[in-house]
Amino acid sequence: MRILVVDDEQMVRENLVDYLEDEGLDVISVGSAEEALTLMKTEKADIAIVDMRLPVMHGNDLIIHLKELHPDMDFIIHTGSVDYAVPPDVRAYGISSDNVLLKPVADMDMFIQKIRSLFGTKYNI
């Protein structure tokens with residue numbers, strides 16, 4: 001399994017990458033939606049952990065573009081917006097509120113739990 005982390009906050013991104021790698025996962029990361037789209041044209045990830053408030057392109061738009069590039073890709077939304085709701089156009093791709101983790105995540109094990117609950121049977125985590 002390969003995980004793509006997309007977050008413009010370098011410290012958040014690096015901490016998440018370090019944690020997931022310590023858990024034995026293959027992780028790649030970028031700081032913007034544009035970098036993610038460019039990378040995913042030549043690379044593949046099974047799961048993307050996506051921040052919603054990215055500098056140019058919003059995380060919702062990134063998810064839609066990535067889903068079009070890689071229909072089998074799954075997503076965890078990682079946002080600091082407590083009032084975030086998954087919009088209809090993103091829900092249309094099977095992404096629900098179960099896919100959302102709010103920043104700050106006090107217990108990083110929540111990421112592994114979320115990956116297991118959403119994707120464990122698919123990837124045998």
Side-chain angles (χ1 to χ4, degrees):
M1 174 193 305
R2 184 178 229 190
I3 298 176
L4 168 67
V5 174
V6 184
D7 199 307
D8 62 318
E9 294 180 63
Q10 183 176 351
M11 185 179 296
V12 171
R13 187 174 65 247
E14 288 176 357
N15 286 337
L16 185 52
V17 167
D18 289 346
Y19 172 77
L20 294 170
E21 286 178 342
D22 286 349
E23 292 296 317
L25 297 169
D26 179 18
V27 185
I28 51 179
S29 69
V30 294
S32 72
E34 296 75 26
E35 287 176 285
L37 288 172
T38 299
L39 181 65
M40 289 297 105
K41 287 179 181 173
T42 59
E43 297 285 335
K44 172 114 174 59
D46 302 293
I47 299 170
I49 299 173
V50 179
D51 182 23
M52 288 293 99
R53 293 183 184 164
L54 296 168
V56 177
M57 180 186 295
H58 193 273
N60 289 323
D61 297 323
L62 173 61
I63 289 171
I64 291 167
H65 288 296
L66 288 175
K67 203 65 168 155
E68 290 170 357
L69 275 174
H70 300 287
D72 293 336
M73 185 181 281
D74 290 308
F75 296 87
I76 295 173
I77 294 168
H78 188 215
T79 183
S81 178
V82 295
D83 58 347
Y84 175 79
V86 180
D89 55 345
V90 174
R91 279 196 312 254
Y93 288 101
I95 299 162
S96 72
S97 60
D98 290 341
N99 299 71
V100 178
L101 286 175
L102 296 177
K103 291 179 184 180
V105 176
D107 181 359
M108 295 294 278
D109 284 343
M110 291 296 297
F111 284 100
I112 296 301
Q113 290 173 18
K114 184 64 63 182
I115 291 168
R116 281 189 182 126
S117 70
L118 294 172
F119 316 110
T121 56
K122 185 175 180 179
Y123 298 105
N124 195 25
I125 298 172

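More than 12 non-hydrogen atoms from other residues, nucleotides or ligands lie less than 6.0 angstrom from CD of Glu68.
Side-chain contact between Lys103 and Asp7: present, with at least one pair of heavy atoms (C-beta onward) separated by less than 4.5 Å. Side chains of Ile63 and Tyr93 form no contact here, defined as non-hydrogen atoms less than 4.5 Å apart. With a 4.5 Å cut-off on side-chain heavy atoms, Asp89 and Asn60 do not count as touching. Contact of the Ile49 side chain with the Leu20 side chain is registered, since non-hydrogen atoms from C-beta on lie closer than 4.5 Å. Looking at Leu39 and Ile28, their side chains come closer than 4.5 Å, going by heavy atoms from C-beta outward. Between His78 and Val12 the shortest side-chain heavy-atom distance falls below 4.5 Å. No side-chain heavy atom of Asn99 sits under 4.5 Å from any side-chain heavy atom of Val86.
Smallest separation of non-hydrogen atoms from Ala45 and Met73: O-CE, 3.4 Å. The shortest non-hydrogen separation linking Val6 to Ala36 is CG2-CB, 3.8 Å. Contact record, Pro55 with Gly31: CD-O, 4.4 Å, taken as the closest heavy-atom pair.
Put simply, CD1 on Ile3 and CD1 on Ile47 are 5.0 Å apart, with the number rounded to the nearest 0.5 Å. Considering NZ of Lys67 and CG of Asp74, their distance stands at 5.5 Å, rounded to 0.5 Å. For the atom pair Thr38 OG1 and Glu43 CD, the distance stands at 12.0 Å (nearest 0.5 Å). One distance of note links CG of Leu69 with CD1 of Ile64; it measures 12.5 Å at 0.5 Å rounding. In this structure, CG in Asp26 is found 8.0 Å from CD in Glu21, a value given to the nearest 0.5 Å. Here NZ of Lys44 is found 13.0 Å from OG1 of Thr42. Values are rounded to the nearest 0.5 Å.
Between the His70 side chain and the Met40 main chain, a donor and an acceptor come within less than 3.5 Å of each other.
Looking at Leu25, Val5, Asp22 one by one, the single match for side-chain contact (heavy atoms from CB on, under 4.5 Å) with Val17 turns out to be Val5.
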Acceptor/donor pairs from residues 104-115 side chains to any protein atom, 3.5 angstrom cut, sequence neighbours excluded:
residue: Asp107; atom: OD1; partner: Asp109; partner atom: N; Å: 3.0
residue: Asp109; atom: OD1; partner: Tyr19; partner atom: OH; Å: 2.5
residue: Lys114; atom: NZ; partner: Asp98; partner atom: O; Å: 2.6

Is there a side-chain contact (heavy atoms from CB on, under 4.5 Å) between Leu102 and Thr79 once you walk through the steps? CA-CA 5 Å; Leu102 296 177; Thr79 183; 3.8 Å; yes
Could you walk me through whether Val90 and Phe75 pass side-chain contact (heavy atoms from CB on, under 4.5 Å), step by step? CA-CA 10 Å; Val90 174; Phe75 296 87; over 6 Å; no
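Ion pair Arg13/Asp51 not flagged as a salt bridge, since none of the NZ, NE, NH1 or NH2 atoms sits closer than 4.0 Å to an Asp/Glu carboxylate oxygen.
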